[in-house]
Protein chains: 4
Amino acid sequence: MQIDTRSHVPIYLQIADGIRAAVAAGLYGPNDPLPSLRSLALHVHVNPNTVQRAYDELEREGLIYAQRGKGLFVAEQGTASAQTHAQDGVRRALDEAVRAARAAGMSARRVREIFEATLDRISEPERDRP
Amino acid sequence: MQIDTRSHVPIYLQIADGIRAAVAAGLYGPNDPLPSLRSLALHVHVNPNTVQRAYDELEREGLIYAQRGKGLFVAEQGTASAQTHAQDGVRRALDEAVRAARAAGMSARRVREIFEATLDRISEPERDRP
Amino acid sequence: MQIDTRSHVPIYLQIADGIRAAVAAGLYGPNDPLPSLRSLALHVHVNPNTVQRAYDELEREGLIYAQRGKGLFVAEQGTASAQTHAQDGVRRALDEAVRAARAAGMSARRVREIFEATLDRISEPERDRP
Amino acid sequence: MQIDTRSHVPIYLQIADGIRAAVAAGLYGPNDPLPSLRSLALHVHVNPNTVQRAYDELEREGLIYAQRGKGLFVAEQGTASAQTHAQDGVRRALDEAVRAARAAGMSARRVREIFEATLDRISEPERDRP
DNA sequence: GTGGTCTAGACCACA
DNA sequence: GTGGTCTAGACCACG
């Protein structure tokens, strides 16, 4: 998971999004244990409080549940819920991007070009670039 | 121009983006006067200081220039600068959206479907909804 | 006279300084007529009101006097007064510059180097530079 | 740091200059923490917003970076950047002072006299005056 | 009327 | 505690 400390999106939401995406993608199935607060905090170089807030968010959403002393787990309906949520997010992000492009007078064709280039670039496996 | 007070993007940046888009789209050409601080503040229901900050941003960017007591104007190179900037923004937004989609396990095909639907929807002329 | 609209020093003070310097340098002697409000305003591309404020300033200072319907003239003691004032200004400006240099840890020697280079450059007649 | 509320230079720029000088002089090295917004505001008897604006300026300049909830720090390249910037400032100030002196008809020799006196005065260690 | 600076005080995100 | 954003309202310089 990547955290962008300079983004305007609060870090705890970036973390929640990352978890949600991982669940949506099936990396964690129903009743699978999620990374512990501390381990995730270390991994993304963030204060545990911040991770706590992200997990709070997801628990309130019903995507995960906590078991005292054991940890956090994906809820029964977690996968479907995460997929819906993630898809809404993507839809909203694309909507915003296209809206901005059109406001700046960009042609639909030009936006599509950029989109396809982006899709190609990101669908390829990551590799170092010169 | 639309302001979303619930967005994580600060209002002053939303305003700056709006102006930048308008300049990129050619609504304001080089040396054209821009809306005054106070009039724009009234229009978007925001404090003049917030608009000021947006204009500061654009002035630093070289997109506009201020004349004390006269007003704000599009810079000579404003159109080109705005177009470059706006296109970078769209590219970044699309990148982020696609990245999120892929992280959530969405297929390239599915992302493209959503994108095309969005493009269609937004390219249609705006109309009042009942 | 040169006006820097981007300076923090108000334009009317820049104009007053310019007139004061011209009087100190002897370009205008006692009882000589000064440029009219309008002609000076045209010359420096500034609103006549602004020039008016500059002249007000100088009149209050006793450097010039107005004759209804005739124009503005250098006062009897104008030259000496202007010279004193100008010298004070230079002293203050140098003081500020040196203070800033020392605060930034620059050696006295280094400051002197820059000063001498500046003096050389400005004492030469102006010419186009490649 | 000294603030001159009667100067035409905005307070936030005076503060930015002060910090820049301190960094240029090596009082704060790369990654050193700078005074917090609020503490500096108290120290110079100014509103925290004004200090914030000064720090914004320096952050944009690449001299410092902010960490939310942690504080403000000197950037890796901060020292060099500050020195360049400070030297440019001194050069500009000297240029302006000399230009004013010459416009007022002062001889190069006279300007040098004043300069050397200033340098002597300021290079002496500060002492309390009765 | 215009833009530019400053204050006082509020709320948020984060450690 | 930290930095970041916003508001309300003031005063200045300029046209």
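Chain letters run A, B, ... following the sequence lines, proteins first, then strands; residues in each count from 1. Because the structure is a prediction, the values reported are computed rather than measured. FYI, side chains are in, hydrogens and waters are out, and symmetry mates aren't considered; it's all heavy atoms of this structure.
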Hey, which of these two, B:G69 or D:V46, hits DNA chain E nearer its 5' end, going by closest nucleotide?
B:G69

B:Y12 side chain N/O closer than 4.0 Å to the phosphate oxygens (OP1, OP2) of F:dC6?
no

Quick note, side-chain hydrogen bond (donor to acceptor under 3.5 Å, both in side chains) partners involving residues 40-49 of chain B, not counting sequence neighbours, are none

Could you tell me whether the side chain of A:E57 and the main chain of A:Y12 form a donor-acceptor pair under 3.5 Å?
no

Could you tell me how far apart D:I19 (CD1) and F:dG3 (P) are, to the nearest whole angstrom?
11 Å

B:R53 CZ to E:dG4 C1', in whole Å, measures 15 Å

Expressed in angstrom and rounded to an integer, what is the separation of B:K70 atom NZ from E:dG4 atom C1'?
17 Å

So, are B:R91 and B:D95 salt-bridged, with charged N and O less than 4.0 Å apart?
no

Tell me the salt bridge (Lys or Arg N to Asp or Glu O under 4.0 Å) pairs involving residues 9-37 of chain B, sequence neighbours left out?
B:D17-B:R20, B:R20-B:E61

Output field dot_bracket for DNA chain F (Watson-Crick or G-U, both distances under 3.5 Å, | for other-strand pairs) contains ||||||||||||||.

The residue, B:L37 or A:V9, whose nearest nucleotide of DNA chain E is more 5′ is B:L37

Considering just the side-chain nitrogens and oxygens of B:S36, establish if one lies under 4.0 Å of OP1 or OP2 belonging to E:dT2.
yes

In this structure, how many angstroms lie between the P atom of E:dT5 and the NE2 atom of D:H8, rounded?
13 Å

Looking at A:T50, I'd like to know whether one of its side-chain N or O atoms comes within less than 4.0 Å of OP1 or OP2 on E:dA15.
yes

So, applying side chain to side chain donor-acceptor pair (under 3.5 Å) with A:D56, which one of A:Q52, A:R53, A:R60 is it?
A:Q52

Within the side chain of D:S7, is there an N or O that forms a donor-acceptor pair under 3.5 Å with the backbone of D:D4?
no

What integer distance in Å separates D:N47:CG from F:dT7:P?
16 Å

Selected nucleotide, minimal atom distance to D:D56 side chain, candidates F:dC6, F:dG3, F:dG4:
F:dG4

Protein-nucleotide distance (D:Q14, atom CD; E:dT5, atom C1'), rounded to Å
12 Å

Please report the distance, rounded to the nearest Å, between NE2 in A:H45 and C1' in E:dC14.
17 Å

Pairs where residues 65-77 of chain B contributes a residue and the test salt bridge (Lys or Arg N to Asp or Glu O under 4.0 Å) is met, not counting sequence neighbours
none

Any protein N or O atoms within reach of nucleotides 10-12 of chain E? Criterion: under 3.5 Å, listing atom names and distances.
none

If the condition is side-chain contact (heavy atoms from CB on, under 4.5 Å), which residues does B:Q83 pass it with, not counting sequence neighbours?
B:A24, B:T79

Can you check the B:L13 CG to F:dG4 P distance for me, whole Å?
13 Å

Going by distance alone, is a donor N or O of one side chain under 3.5 Å from an acceptor N or O of the other, for D:S81 and D:T84?
no

